[in-house]
Amino acid sequence: GAVVSQHPSRVICKSGTSVKIECRSLDFQATTMFWYRQFPKQSLMLMATSNEGSKATYEQGVEKDKFLINHASLTLSTLTVTSAHPEDSSFYICSARVLAGIETQYFGPGTRLLVL
Amino acid sequence: RKEVEQDPGPFNVPEGATVAFNCTYSNSASQSFFWYRQDCRKEPKLLMSVYSSGNEDGRFTAQLNRASQYISLLIRDSKLSDSATYLCVASGGSYIPTFGRGTSLIVHP
């Protein structure tokens, strides 16, 4: 299947700092990428849909000024958690939408964020 | 009511058993359905798509029942390595995917 990478895989930061997470499609172009957050023993929650060349679409309850998304190219979307707080500690996963007959999506390996 | 509902389990079965999971969806406009597998502290991985006619991949069989708005996953001859959380996904025409909470499967010796 298609390969999606995510960097970093793990980050620990102090409260108040900003953290940038990169999501790359390695062998295909992705006009649409999705950003999810998953707390322990909870389901994946869609945060936003990232569209190449346009503004991201945020789900209800997700602060767009806190979670900045930039999809500047067909292979890269970034999520920046600004002024991170301990409650932002979570597993952040991106996925890329693939059109190959039937639509599906492939996930990056995830980024585990711990805010102290 | 959640858009996609699954029994969280856990389903605890012995090796070699057959186990089935169901997933119900509330959005009748949903067009695409998938099963993903997620191992502990890992990202979800696509297991299989679910077609209207049903589909089979080795020990795994997926079915879609549009009238009752549910999809199912059947695993035959369970292996220890099948232990994981199984997520079902439904999406509409605009492909905004909605994940279920997942069903936990534990296969024991």
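By convention in this document, chain letters (A, B, ...) are assigned in the order of the sequence lines, proteins followed by strands, and residues within each chain are numbered from 1.
The environment of A:Met45 atom CE is sparse: at most 12 non-hydrogen atoms of other residues, nucleotides or ligands sit within 6.0 angstrom. For NZ of A:Lys55, the number of neighbouring non-hydrogen atoms (other residues, nucleotides, ligands) closer than 6.0 Å is 12 at most.
When every heavy atom of B:Gly100 is checked against every heavy atom of A:Ser43, the shortest pair comes out as O-CB, 3.7 Å.
Linking ILVMFWY residues whenever their side-chain heavy atoms come closer than 4.5 Å, directly or via other members, leaves A:Met33 and B:Leu46 in distinct clusters. Cluster membership check: A:Phe91 does not share its hydrophobic cluster with A:Val81, using side-chain heavy-atom separations under 4.5 Å among Ile, Leu, Val, Met, Phe, Trp and Tyr. The hydrophobic cluster containing B:Ile71 also contains B:Val19, counting ILVMFWY residues as joined when their side-chain heavy atoms lie under 4.5 angstrom apart, directly or transitively. The same ILVMFWY cluster, assembled from side-chain heavy atoms under 4.5 Å apart, contains both A:Val19 and A:Val62. Side-chain heavy atoms closer than 4.5 Å link hydrophobic residues (I, L, V, M, F, W, Y) into clusters, and following such links, possibly through other members, connects B:Leu73 to B:Leu105.
Heavy-atom proximity under 4.5 angstrom to chain B picks out A:Arg10 from residues 7-14 of chain A.
Taken to the nearest 0.5 Å, the CD atom of A:Gln38 stands 7.5 Å off from the CG atom of B:Leu87. Distance check: B:Tyr36 OH to A:Phe107 CZ gives 5.0 Å after rounding to the nearest 0.5 Å.
B:Phe11 meets the ring-ring contact (aromatic ring centres under 6.0 Å, His included) test with B:Phe21; sequence neighbours excluded.
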Determine, stepwise, if the pair B:Glu43 / A:Gln6 fulfils side chain to side chain donor-acceptor pair (under 3.5 Å). CA-CA 11 Å; B:Glu43 78 279 18; A:Gln6 225 174 299; over 6 Å; no
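A:Ile93 places a side-chain heavy atom less than 4.5 Å from the side chain of B:Pro44.
The contact between A:Leu44 and chain B is made by backbone and side chain atoms together, counting heavy-atom distances below 4.5 Å. When heavy atoms are compared at a cutoff of 4.5 Å, B:Gln38 approaches chain A solely by way of its side chain, counted from C-beta outward.
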